[in-house]
Amino acid sequence: MDKVTPRTLSGFMELLPERQALFDLMVAKLRDTFSLYAFTPLDTPLIEASDVLLAKGGGETEKQIYRFTKGDSDLSLRFDLTVPLAKYVALHAGQLTFPFRRYQIGKVFRGERAQRGRFREFYQADIDVVGDGALDIINEAEIPSIIYRCFRALGLEKFVIRVNNRKVLTGLFAIFGIGEKAHAVMQVVDKLEKIGEDKVLSLMTNELLLEPSQASQILSVITCHDSGEDPLLKLSAFRGRNDTFDTGLSELETVLRLMADFGVPASHVRLDLTIARGLDYYTGTVYETTMSGHPEIGSICSGGRYDDLAGYYTEKKLPGVGISIGLTRLFFILENQGYLNDVLLFAPSDVLILPMTGDMGPSVALATALRENGLRVQIYSENKKFKAKLAYADKLKIPFVVFLGEDELKNNVISVKDMTTGAQVSAPFEDALTRIKTGIASRCNGLPIKEPNQE
RNA sequence: GUGGGUGUAGCUCAGUUGGUUAGAGCAUCGGAUUGUGGUUCCGAGGGUCGAGGGUUCGAAUCCCUUCAUCCACCCCA
């Protein structure tokens, strides 16, 4: 009979057990950090009614969304966690307490061509604060500081949180008299780092039909950081000529100042006027975080302020600020940069019990006793050759193997083999337990813990 | 959606101008060693050379088609 070829679709990640355990450790670390900042966990369905997910409509979303029908239902897989949040908040606004601080970690789906660092199914970790009617700007500084803490908690050091403000850009473009082209200009400016100044300049003059003098003036402001100038200083020269600009600049100054108070060192923050983000719902502060050594992976974290999150679902005005971490990308960066090397000792259990008697009773009782002492224990119950049993422990990197046979039972001891050193001793239960526990304690079974303040 | 590269064992890849029975490393399994793993040694299994068609005495190799995959663009986490 012909077998179906087992395969995993391109762009869908599937990990072997050891790497999966590491991935889960990463996620656990993030959850802990989010909790520190008083965010509450949330989960929403993977599948939603298509009209709900596509309420915003148009563009890439519609092209990339996985959409299907089941009977008469028109359904779609969520392509981010922000739209489901908007629906959730609009739907349950009456029962929620605002400001609503939630985090959500889950899979999202995008039907685009897979590439390095680009998946069709990937995990996002979102944190958002949603206000009722109003939301203080302090949140716009706290959110990126959480990102900083998360990344440091994972052991990452070489990353930069780029901050910008859309009001500053739109205001600036209005001052230059190209307000109606602001959106298109932002899109082009966003490419600066990728295609370079000359190409952006030619796009601006040739495609967007800006005056060459306008274009170069705009660029000189936007790229002033590269020429060693202080962007804030450069920008303040334009103060007083456009209300939106003035508001944006004040916001930007406040956010940058508060971020420092929230504990983000200047080395990890950068006012970058080139980031604009194509996403429509950002109205103020925007963030983008990239790894210094990995430009090819692109952004692993981005977000910003939106004034009207749930406008497609409700009359209620619900402003918010949020950020989204691309966990699947983040995981590959952690692996590639060797941050997980320290935890390669990860094993699913601390002790493997090899029963040497026909009666499994004593082994089961031993397993129970060890588990009651907090050890992760597994009984090898398969009828294999002895060497195969030890090889099993070896392959899974289980640090201790316990033998329980006639000799041990007779003398009321257990034999413990330390798989790292090869040393083996027979000792009474309590003695053996201490031995194992000390051994386990010296192993690293978590992600490296680095406190943000220990620079 | 547009453009380019690559498809040979479970994985990473060799394979000469087209020429006998398609190879290596790793992995797997067996043995050396039936109450002792990792190292070593010996051995074994595993392939419709992505698929279909064509040229040829002869195709993994050349041509066409198709599928898959990777990269770049678009867009994005």
Side-chain angles (χ1 to χ4, degrees), chain A residues 2 5-13 16 30 58-65 78-82 104-127 147 159 187-188 190-191 194-195 199 275-280 282 286-291 294 296-304 322-333 347 352 354-357 380 383-409 414-426:
Chain A
D2 284 347
T5 308
R7 66 209 127 102
T8 303
L9 296 170
S10 157
F12 289 72
M13 184 178 70
L16 290 172
L30 291 175
E60 290 299 317
T61 303
E62 204 133 358
K63 275 198 285 183
Q64 295 187 352
I65 199 161
R78 64 189 184 197
F79 56 90
D80 68 10
L81 299 177
T82 307
Q104 181 169 5
I105 297 174
K107 283 178 171 176
V108 300
F109 303 84
R110 293 184 192 176
E112 57 184 335
R113 275 232 159 78
Q115 273 179 42
R116 172 188 301 282
R118 253 175 80 175
F119 300 85
R120 287 169 162 161
E121 179 194 62
F122 58 97
Y123 278 93
Q124 285 193 329
D126 273 37
I127 45 175
I147 296 304
F159 62 92
Q187 300 261 346
V188 174
D190 201 40
K191 298 185 205 303
K194 198 162 197 174
I195 64 176
K199 286 189 177 168
I275 64 158
R277 299 285 80 214
L279 294 173
D280 293 333
Y282 295 129
V286 290
Y287 325 100
E288 178 130 9
T289 303
T290 49
M291 297 305 303
H294 285 265
E296 81 283 0
I297 301 270
S299 171
I300 50 176
C301 175
S302 73
I323 204 163
S324 173
I325 309 176
L327 290 195
T328 308
R329 279 183 181 175
L330 181 61
F331 182 66
F332 278 92
I333 286 170
L352 181 72
L354 299 192
M356 313 295 295
T357 54
Y380 194 98
N383 183 24
K384 288 269 178 67
K385 286 191 177 139
F386 202 79
K387 57 188 287 186
K389 298 179 182 179
L390 273 175
Y392 178 85
D394 192 48
K395 276 190 194 160
L396 293 184
K397 298 182 176 147
I398 300 170
F400 288 96
V401 172
V402 166
F403 306 88
L404 201 51
E406 301 296 347
D407 294 347
E408 283 83 2
L409 286 177
I414 58 178
S415 296
V416 179
K417 184 181 177 75
D418 182 331
M419 292 297 280
T420 318
T421 63
Q424 183 176 332
V425 294
S426 294

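Just so we're on the same page: letters track the sequence lines, and every chain starts at 1. As the structure is a prediction and not an experimental result, all values here were calculated from the model. What you see below is based on every heavy atom in this structure, not just the backbone, and it leaves out hydrogens, waters and symmetry mates.
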Quiz item: Nearest nucleotide by nearest heavy atom, which residue falls closer to the 5' end of RNA chain B, A:L9 or A:G326?
Solution: A:L9
Quiz item: B:rC26 and B:rC67: how far apart are their P atoms, nearest whole angstrom?
Solution: 38 Å
Exercise. Whole angstrom is fine here: how far is it from CG in A:L404 over to P in B:rU36?
Key: 17 Å
Exercise. Output yes when at least one side-chain N/O atom of A:K397 is less than 4.0 Å from OP1 or OP2 of B:rG38, else no.
Key: no
Quiz item: Of all the choices, B:rG31, B:rU36, B:rG1, which nucleotide is nearest to the side chain of A:R113 once you look at every atom?
Solution: B:rG1
Quiz item: Any donor-acceptor pair under 3.5 Å between the side chain of A:D394 and the base of B:rG38?
Solution: no
Quiz item: Looking across every strand, which nucleic acid part, if any, lies under 4.0 Å from A:I300 by heavy atom: base, sugar-phosphate, or nothing?
Solution: sugar-phosphate
Quiz prompt | Phosphate OP1/OP2 of B:rA72 contacted by A:Q115 side-chain N/O (<4.0 Å) | solution = yes
Quiz item: With a 4.0 Å cut-off on heavy atoms, is A:T420 in touch with a base, just the backbone sugar-phosphate, or nothing at all?
Solution: base
Practice problem: Using a 4.0 Å heavy-atom cut-off across all strands, classify A:Y392 as base, sugar-phosphate, or nothing. | Solution: nothing
Quiz prompt | Distance-minimising heavy-atom pair for A:E112 and A:F119 | solution = OE2-O, 4.2 Å
Quiz prompt | Rounded distance in Å - CD1 (A:I398) to P (B:rG38) | solution = 15 Å
Quiz item: What nucleotide among B:rG35, B:rC71, B:rC75 has an atom nearest to a side-chain atom of A:Q424?
Solution: B:rG35
Quiz item: Any side-chain donor paired with an acceptor under 3.5 Å for A:E288 and A:S302?
Solution: no
Self-check item: Selection from B:rU36, B:rA77, B:rG35 that lies nearest to any side-chain heavy atom of A:E408
Solution: B:rG35
Quiz item: What integer number of Å spans the C1' atoms of B:rG37 and B:rA32?
Solution: 16 Å
Quiz item: Using atom C1' of each nucleotide, how far apart are B:rA22 and B:rG15 to the nearest Å?
Solution: 8 Å
Exercise. Using the P atom on both, measure B:rG19 against B:rG31 and round to a whole Å.
Key: 41 Å
Quiz item: Is a donor-acceptor pair below 3.5 Å formed from side chain A:K417 to base B:rU36, judging by atom type as modelled?
Solution: yes
Quiz item: Using a distance-only test with no angle check, is there a side-chain donor-acceptor pair under 3.5 angstrom linking A:T290 and A:S299?
Solution: no
Practice problem: Would you indicate which nucleotide in B:rU36, B:rA77, B:rG30 comes nearest to any side-chain atom of A:S299? | Solution: B:rA77
Quiz item: Mind checking the P distance from B:rC11 to B:rU20? Whole angstroms is fine.
Solution: 27 Å
Exercise. Evaluate side-chain contact (heavy atoms from CB on, under 4.5 Å) for A:Q124 paired with A:L327, printing each intermediate quantity in order.
Key: CA-CA 5 Å; A:Q124 285 193 329; A:L327 290 195; over 6 Å; no
Practice problem: Grab the CD1-P distance between A:I325 and B:rA77 for me, whole Å please. | Solution: 13 Å
Quiz item: OP1, OP2 of B:rA77 versus side-chain N and O of A:T328: anything below 4.0 Å?
Solution: no
Quiz item: Is any side-chain heavy atom of A:Q64 closer than 4.5 Å to a side-chain heavy atom of A:F109?
Solution: no
Quiz prompt | Taking every non-hydrogen atom, the tightest pair across A:I398 and A:L352 | solution = CG2-N, 3.7 Å
Exercise. Using the P atom on both, measure B:rA9 against B:rU61 and round to a whole Å.
Key: 15 Å
Quiz item: Does a side-chain N or O from A:K395 land closer than 4.0 Å to OP1 or OP2 of B:rU28, or not?
Solution: yes
Exercise. Pick base, sugar-phosphate or nothing for A:K384, based on heavy-atom distances below 4.0 Å to the nucleic acid.
Key: nothing
Practice problem: Please determine, for the side chain of A:Q187, which listed nucleotide (B:rC75, B:rA77, B:rU69) has the closest atom? | Solution: B:rC75
Practice problem: In whole angstrom, give the distance that lies between atom NZ of A:K63 and atom C1' of B:rC76. | Solution: 12 Å
Exercise. Could you tell me the separation between the CG atom of A:L81 and the C1' atom of B:rC76, rounded to a whole number of Å?
Key: 14 Å
Quiz item: Within the modelled atom types, does a donor on one side and an acceptor on the other bring the side chain of A:R7 and the base of B:rA68 under 3.5 Å apart?
Solution: no
Practice problem: May I ask you to check whether A:F386 and A:F403 place their ring centres under 6.0 Å from each other? | Solution: yes
Quiz item: Closest to the A:A391 side chain: B:rU28, B:rG37, B:rA77?
Solution: B:rG37
Practice problem: Please tell me which of the listed nucleotides, B:rA77, B:rC70, B:rG35, lies nearest to the side chain of A:S302? | Solution: B:rA77
Quiz item: From A:I105 CD1 over to A:L81 CG, what is the distance, rounded to the nearest 0.5 angstrom?
Solution: 9.5 Å
Quiz item: Would one find a side-chain N or O of A:S415 under 4.0 angstrom from OP1 or OP2 of B:rG35?
Solution: no
Quiz item: Considering only B:rU36, B:rG38, B:rG30, which nucleotide approaches the side chain of A:K385 most closely?
Solution: B:rG30
Quiz prompt | B:rG50 versus B:rG7 - spacing of their C1' atoms, nearest Å | solution = 6 Å
Quiz prompt | Distance, P atom - from B:rG10 to B:rG45, rounded to whole angstrom | solution = 15 Å
Quiz item: Looking at B:rC71, B:rA77, B:rG37, which one has an atom nearest to any side-chain atom of A:R116?
Solution: B:rC71
Quiz item: A:F386 stacking on B:rG35: centroids under 5.5 Å, ring planes under 30°?
Solution: no
Exercise. Round to a whole Å and report the spacing from CD of A:E62 to P of B:rC76.
Key: 15 Å
